[in-house]
Amino acid sequence: MAASKKIIAEIEHLRNEINQHNYLYHSQDDPIISDAEFDRLFRDLKSLEKQYPELISNVSPTQRVGSTPLSSFSQVVHELPMLSLDNAVGKDGVFEFDRRIKTRLQSDGDIRYACEPKIDGVAVSLLYENGQLTRGATRGDGTTGEDITQNVRTIESIPLQLMGQGYPRRLEVRGEVYFAKSAFRKMNELAHSRGEKVFANPRNAAAGTLRQLDSKLTAQRKLAMFCYSVGLAEGELPDRHSEILARLGTWGLRVNPLVDVVIGAGRLVEYFNSIGEQRESLDYEIDGVVFKVDDIGLQQELGMLTRTPRWAVAHKFPAEEGITRLNDVEFQVGRTGAITPVARLEPVKVGGVTISNATLHNMDEIARLGLVVGDTVVVQRAGDVIPKIVSVMLEKRPRKTRKVKLPAACPACGSEILRSEGEVVVRCTGGLSCSAQVKESIRHFASRLALDIEGLGDKLVEQLVDEGLIENAADLYQLTEENLVKLERMAPKSANNLLEALEKSKETTLPRLIYALGIQEVGESTARNLAMRFGDLDALQNADEELLQTVADVGPIVAHKIHHFFQQKNNLAVIDSLVEIGLQWKVEETTVGEQRLNGETWVLTGSLSKLTRNDAKARLQRLGAKVSGSVSKNTSCVVAGEAAGSKLTKAQELGIKIIAEDDLIVLLEEYGA
Ligand code: IVH
């Protein structure tokens, strides 16, 4: 059947809608519809395209899934070479760069600079012809790169069709493709659990993924892109770099929100420092900042050297690698009984922080590194990741070394240790009778997202267990002022506060309780799903593995762990005691009727790491709040996630209440949403 005008218009309409929502979600981090609504639009478009395959177009948002694998990449010659950057070393280097520019321009006045984070990913060039993405290429040697069109087409923050108007007929945009830290961690965890190869860092993962011959694989891994410049342009563009970037944004291309414009060299250093402070909290790796003369006319006047422009410079963060000696390897027991080797290092400064410990993950990692005590090792601190040993300098190995041996028994309780089939992790079999596990499990029980017992910090748990006052979480509720004040540094007032907090914690919710039990693999969100599915603890306790797997997030391994947990006598005994002392919980859903946020307008900005945006939005809405995409004087509260940008600034200017993601979680929990 030939498509009617109406169908053609409907398809066009759906594509525009989907593109717009894709842009809001991936480029602006500001979705205005739920995932379910988005999926519905997508399904509608797919079904129309299936009925009218002649209408499928290369720029349709349905065409991002990857295509037939290539046997090799063809070459792309860049019409304008892709340059690299000179480095300004130290503060002096920055002033020197500014001075060179002024001398060359014979100018005394302060220069206007665009400042940008230097994204640690892979440089990519995108060609848009009449607004359509026609080619994606790697930088290669700067002159010739590889054609990775199939792969870039799968990246959701790269528009297949530019939005708006006024874009040059041919426009080549350049930028950095990267792997978000959170997505990288997730991917590696999954790969690790499946015994597959893990990537060393997000940059390698991005490079490897972009160079996949099978673009279906690229589509499965979530890459993203920030655009930072324009190469070739046949058409009009603004005469300032910062304005060009802003213009790219209006065409649907993603530009980093931390880009700023400053005047004078002193402000460059300030920018560098401020980005350095934010570095850890960003969900992408950066290795420094880039300063660019903002005025395009001046850029042209300054010109370039062979491979680098005179008008731009990179200013990098100090190296985040150090060399030191492995003094010993000790074994720690975690809450779930996992026994992890930890490297004790000769203290060394890396990226401004002194490192004396590093994780070694497991015995396989030690074998992979070929590590022995006494070795000289290279340690790395990557963003917010715990320091790790990346390699051994074999040439520096001393004569006297010692092999790392797994202890015969648990270092905390002396119980037997076991490595179960298919697992790399070694565990203590002592369960709640192992002091290390008891301490950790009580800490977890009292933590903010669990029973939130205020005043019960790590030290106090340690003291209580060591003094023999408690052996499990339920024992907490047997504490009295009399035995508390006997503890070191415990005044009657603090003791009473703690007892009050304990009393308060007896009124909780089912998801909190399930989370608090500390079942392996059951995090906050799985606990919520379990609570919603089973409605009470008894039903959950009695569920078999098959039934458990009907819950979102719960696969066979998690189902087994949950089932196993409720088979253990000591765990059941703790739960019984909790019921006995009067712990009460409500299933959240039933309490939402109160609509505690009725009439309020909330704004979510920046990226959230523990909640999904849709979840946060839905839960706020359940409480009666309106969730808006923009900040105004009518906004009641702004939730600022990582890398929150202009909305956060606006909220600060308007004096609107701002809270962090963790506060939001606490509030949602408290109000039972
Ligand atoms: S500008 C002439 N801006 O750093 C301008 N580069 O050695 C050339 N990079 O290969 C690049 N973030 O891949 C520019 N905001 C940014 C950047 C950036 C990362 C990379 C780029 C380039 C390398 C410079």
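Position 1 is the first residue of the sequence, and the numbers go up from there. Both ligands and their constituent atoms are indexed starting at 1 by order of listing. None of these values were measured; they are calculated from a predicted model.
The protein heavy-atom contact nearest to atom 7 (O) of ligand 1 is L85 N, 3.2 Å. Protein heavy atom nearest atom 23 (C) of ligand 1, with residue, atom name and distance: K118 NZ, 4.0 Å. Ranking the protein heavy atoms by distance from atom 12 (N) of ligand 1 puts I119 N, 3.1 Å first. In this structure, atom 13 (O) of ligand 1 lies nearest to the protein heavy atom E176 OE1, 2.5 Å. For atom 18 (C) of ligand 1, the closest heavy atom belonging to the protein is Y228 CE2, 3.4 Å.
Ion pairing of R104 with E301 is absent here, as no side-chain N (NZ or NE/NH1/NH2) approaches a carboxylate O to less than 4.0 Å. E346 and R325 are not joined by a salt bridge, as no carboxylate oxygen comes within less than 4.0 angstrom of a charged side-chain nitrogen. Ion pairing between a basic and an acidic side chain is recognised when a charged N comes within 4.0 Å of a carboxylate O; R170 and E172 show no such pairing.
S242 and D294 share a donor-acceptor pair across their side chains, judged by distance under 3.5 Å alone. Side-chain contact, S60 with Q63: no donor N or O sits under 3.5 Å from an acceptor N or O. S67 and Q150 are linked by a side-chain donor-acceptor pair at a separation below 3.5 angstrom, with hydrogens and angles left out of the test.
When only interatomic distances are considered, the shortest N/O to N/O separation between E116 and ligand 1 falls below 3.5 Å. Considering backbone and side-chain atoms alike, V290 places every N or O at 3.5 Å or more from each N or O of ligand 1. Considering backbone and side-chain N/O atoms, P309 never comes within less than 3.5 Å of an N/O atom of ligand 1. Residue L83 places no N or O, backbone or side chain, under 3.5 Å from any N or O of ligand 1.
Between K610 and E661, the closest heavy-atom pair is N-OE2, 2.5 Å.
In the vicinity of P117, heavy-atom distances shorter than 4.0 Å reach the ligand 1 atoms 12 (N), 15 (N).
Residues F199 and F184 place their aromatic rings such that the two centres sit no closer than 6.0 Å.
The part of K292 lying near ligand 1 is the side chain, judged by heavy-atom distances below 4.0 Å.
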